[in-house]
Structure formats: C-alpha cells, structure tokens
Amino acid sequence: EALRLPRLVAAVSPSSLWGLGFEQLYIDRPELDIRRTPDGKIYVAGLDVSQVRSDGQSAFADWFFSQTELVIRGGALRWTDDLRQTPPLALAGVDFTLRNPGRRHLLRLDATPPASWGERFSLRGVFREPLWSGGAGQWKSWAGQLYAEFSRVDLLQAQRYVSLESLGIRLASGNGSLRAWADVKGGAITGGTADVVLHEVNAQLGKALQPLALQTVSGRLAGRHFANGFDVATEGLQFRTRDGLQWPGGNASVVYVGAEGKLPARGELKADKLDLAALALIADRLPLGNAAHAMIAGFAPKGLVDVVDAKWQGPLDAPSAFSAKGRVSQLEVAARPASAGHSNRPDRKSV
C-alpha cells in the first residue's frame, strides 16, 4: 500500500485554479511510502516524481513548490532506499508544513524515528529563489539556511541515511544531542554551525587519518568555505579522550585566503585556552595538513596557550612571513625536530 489518506481538506481560489493547484492543502494522518530505486528514480505513493519535461525540469517539483500552503498532521512515512541499500526507515507522528509566498520557500518537518535511531527531531528551512530561476522547482538555484535539532540521536544510525563521506568523515559510533545551522547556496552547503553534546564518539576525519575516539565532546563548531579559502572556529569546545585527557574548553578561529592576483595567500589564527600537549596527542587524527602534522610531531609542544593572535603570508606549508603575539605558560618544545637517527627523547627547552 503506497498511500492512505483518511482525511484531506483542500481550499482553492481563482489564482490557485489558474495554476492547477490549491490555496491550501491539509492532509490528516496520511500513510505514505517513498522509495528510491537502484537507478536513482524517486517514487512517491507509487508515482515517479523524478520524471522531467522536454526542457529538463521536474513538473512535480514545480507544482509542489508553487502551492501556497501544504500541511500534513500526524502522518506516517516509510522511506526505502534501494540505491544505498539501507534498511527501510519508518517515521511516525510526521508533521510537515510548506509555504511558498512569492519566491520564498519555508518548510518544517517534525517526526519521530525508531527508538534505536533517536528521539523526535525537527528540520526547518528558509530559502529564496533568484529572480530568473526558470521555475519554482529549481531548488539547486536557491539560497538560504537549513536548521536541524535532535534532542537525542545515534549518529551511526543516522549516517546510514545521510552520507558524510563527501565531507571526508566516517563515524563508527556516537550519540547525544545536536543543533545545526547550514548555509545553502546553489544547491550545496557552503558553511554551517553546530552545537553538540556527544558521547562515545569514534570518528575518522579523513581517509589517511587515524580514528579519533572521544568519551565526551561538547561546544560549538563552525566553518565556511568559499571560492578562495575557508574559515573554521570553535567556541567553548571541551572534550575528554578515552585515555582521560581533558581539553580545557577554549575558543579558536582560523581564516585562510588563497593568493589573489598580486596578493599572496594569507591567514590568521586567534585562540585561547589551548592545551598544547593535548593538541599534540590528537593532532595526527585531525585534518590539519601534512606540514602541520610534521611540525607538531617534531617539536612535541607542551603548555597552556592563554591567548594567541598570529598572522602569516604565503601557503600553509611554506609561509613567507609570520607574526604572532600572545601569552603562554609552562611552555616546552623539543630543541630539534625528532627524526630517524635521533633519540626518541629529544632535548627540550622550557619557558
């Protein structure tokens, strides 16, 4: 059974009839089946909604995102993905609202997943289509923001349905609460912010990196990438490794802009409350780049950075100019980088 509609209320107006749609469509307690086939086609209630017209556009998407208001209350949804070959996902208590005033698109989904997956979650989106979009269904041209809120979620279960491999992240375990904001432009995520309180996290942040195992992690993470650079930041970030190592909960931000014409590449680092020994122990599990990995491993720093403000010019692995100011307590660094033929316990200099 692909679709059951116990109660449907539709309101029409002259303008909605002209567009072969509704002023409002209210659906009470529907049961809906959505399936993606191995060839990538999407079927909603047994209907192929991935079909396109002669102009290459989706007639269903244009119709769907042209409706003034669509409301679903108390629904049941079953998602089957034959392409990813994941177990079917059943969502209960589905409440969905879509409003399309002018060229804006406002949507909200609240649903309850299986108990092993987590607790009730909420997804919301606010988008605007450009003036010359070619149709309401051209969502890849939209710009806006997505918001997700999970009071409790098993990240391993969620990863089956939301791929993180495109970001270079592989999860082996993790559970807790999550709030995230994602900036969207041109159908792609360009940046975002996440507030996390997670437990028993085991993640690989890059194909060539060792897994990072954390007993607990909490705080705010943010990042953004643009055509010629990126910026990343943490706020109140705290974590404890399974070996009992405690990160003190500081703030950090890195901004990097590549070379532009006659302007060289440049970057800036601001941070406080950085435990250098803790950073050195987990550095090879973080996507810092080969140059940073080699420098941290070679000098094996220890100490607490109370505050630092650093700037440089040139590429990350070979800066041509560098300046920094800050305050560090109990600083220790190796007198020379560790290398083959040297002792495993190089001479150290302390401050």
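Note that this is a predicted model, so its numbers are computed, not measured. Below, each value reflects all heavy atoms present in this structure, side chains not excepted, and no hydrogens, waters or symmetry copies.
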Are L155 and I189 linked, directly or through intermediate hydrophobic residues, by side-chain heavy-atom contacts shorter than 4.5 Å (ILVMFWY only)? yes
In this structure, would L123 and F65 fall into the same cluster of hydrophobic residues linked by side-chain contacts under 4.5 Å? yes
Same cluster or not: F239 versus L212, using hydrophobic residues (I, L, V, M, F, W, Y) connected whenever any side-chain heavy atoms lie under 4.5 Å apart? yes
Which distance, rounded to the nearest 0.5 Å, do you find between the CG of L131 and the OG of S141? 11.0 Å
Is there a side-chain contact between R108 and S122 (heavy atoms, below 4.5 Å)? yes
Taking the side chain as everything from C-beta on, heavy atoms only, tell me whether E129 gets closer than 4.5 Å to W139. no
Mind checking the CZ-CG spacing from R240 to L214? Nearest 0.5 Å is all I need. 11.5 Å
Does I34 reach the side chain of L77, with side-chain heavy atoms less than 4.5 Å apart? yes
As an exercise, state the distance from CZ of R327 to CG of L304, rounded to the nearest 0.5 Å. 10.0 Å
Any chance CG of L3 has more than 12 other-residue heavy atoms, nucleotides or ligands included, within less than 6.0 Å? yes
Hey, can you tell me if F60 and F64 have their rings parallel, tilted or perpendicular (30° and 60° cut-offs)? parallel
For the hydrophobic clusters of this structure (ILVMFWY residues joined by side-chain heavy atoms under 4.5 Å, transitively), does one cluster hold both Y256 and L269? yes
For Q313 and P264 the tightest heavy-atom approach is OE1-CG, 3.9 Å
Expected output: side-chain D82 to main-chain P38 donor-acceptor under 3.5 Å: no
Please say yes or no: joined through hydrophobic side-chain contacts below 4.5 Å, possibly via intermediate residues, are F22 and F96 part of one cluster? yes
Rounded to the nearest 0.5 Å, how far apart are CG of D110 and CG of L91? 11.5 Å
Are any side-chain N or O atoms of N100 and backbone N or O atoms of Q67, one a donor and one an acceptor, separated by less than 3.5 Å? yes
Taking all non-hydrogen atoms of both residues into account, name the closest pair between A310 and F322 and its distance. CB-CZ, 4.1 Å
Is there a side-chain contact between E31 and D33, using heavy atoms and a 4.5 Å cut-off? no
Nearest non-hydrogen partners of D81 and L83, listed with the distance: OD1-N, 3.0 Å
Is there side-chain contact between R152 and N175, with heavy atoms separated by less than 4.5 Å? no
Can you confirm whether more than 12 heavy atoms, excluding those of R7, are under 6.0 Å from its CZ atom? no
Student check: side-chain heavy atoms of V184 and F127 closer than 4.5 Å: yes
Between V307 and K325, does a side chain to side chain contact (heavy atoms under 4.5 Å, CB included) hold up when you go through it step by step? CA-CA 8 Å; V307 60; K325 61 180 180 179; over 6 Å; no
Does T193 reach the main-chain N or O of W181 with its side chain, forming a donor-acceptor pair under 3.5 Å? no
Can you name the nearest heavy-atom pair linking L198 to S177, along with the distance? CD2-O, 3.8 Å
Is there a donor-acceptor pair closer than 3.5 Å between any side-chain N or O of R224 and the backbone N or O of A222? no
Work out which heavy atom in A259 is nearest to a heavy atom in N228; give both atom names and the distance. O-ND2, 3.3 Å
I need the L178 CG to F150 CZ distance, nearest 0.5 Å. 6.5 Å
If you look at every heavy atom in S173 and E200, which pair is closest and at what distance? OG-O, 2.9 Å
Per the side chain to side chain contact (heavy atoms under 4.5 Å, CB included) rule, which among K185, R128, H105 passes with W142? H105
Does this structure show an ion pair linking D195 with R220, if we count only N-O contacts that are shorter than 4.0 Å? yes
Using a 4.5 Å cut-off on heavy atoms from C-beta on, say whether the side chain of I27 contacts that of L5. yes
Does atom CZ of R104 have more than 12 heavy-atom neighbours, drawn from other residues, nucleotides or ligands, at distances under 6.0 Å? no
According to side-chain contact (heavy atoms from CB on, under 4.5 Å), who are the partners of D48, at least two apart in sequence or on a separate chain? K41, Y43, S50, Q51
Sorted by chain and residue number, the ring-ring contact (aromatic ring centres under 6.0 Å, His included) partners of Y26 (sequence neighbours excluded) come out as none
Heavy-atom check, side chain of D154 versus side chain of W117, under 4.5 Å: no
Using side chain to side chain contact (heavy atoms under 4.5 Å, CB included), reason through F226 and D231 one step at a time and then give a plain yes or no. CA-CA 9 Å; F226 39 90; D231 64 62; 4.0 Å; yes
To the closest 0.5 Å, what do you measure between OG1 (T37) and CD1 (I42)? 7.0 Å
Check whether any side-chain N or O of N251 sits under 3.5 Å from a backbone N or O of A271 as a donor-acceptor pair, and report yes or no. no
May I ask you to decide if G74's main-chain N or O and D95's side chain share a donor-acceptor pair within less than 3.5 Å? yes
Pair E69 + R99: basic N to acidic O under 4.0 Å: yes
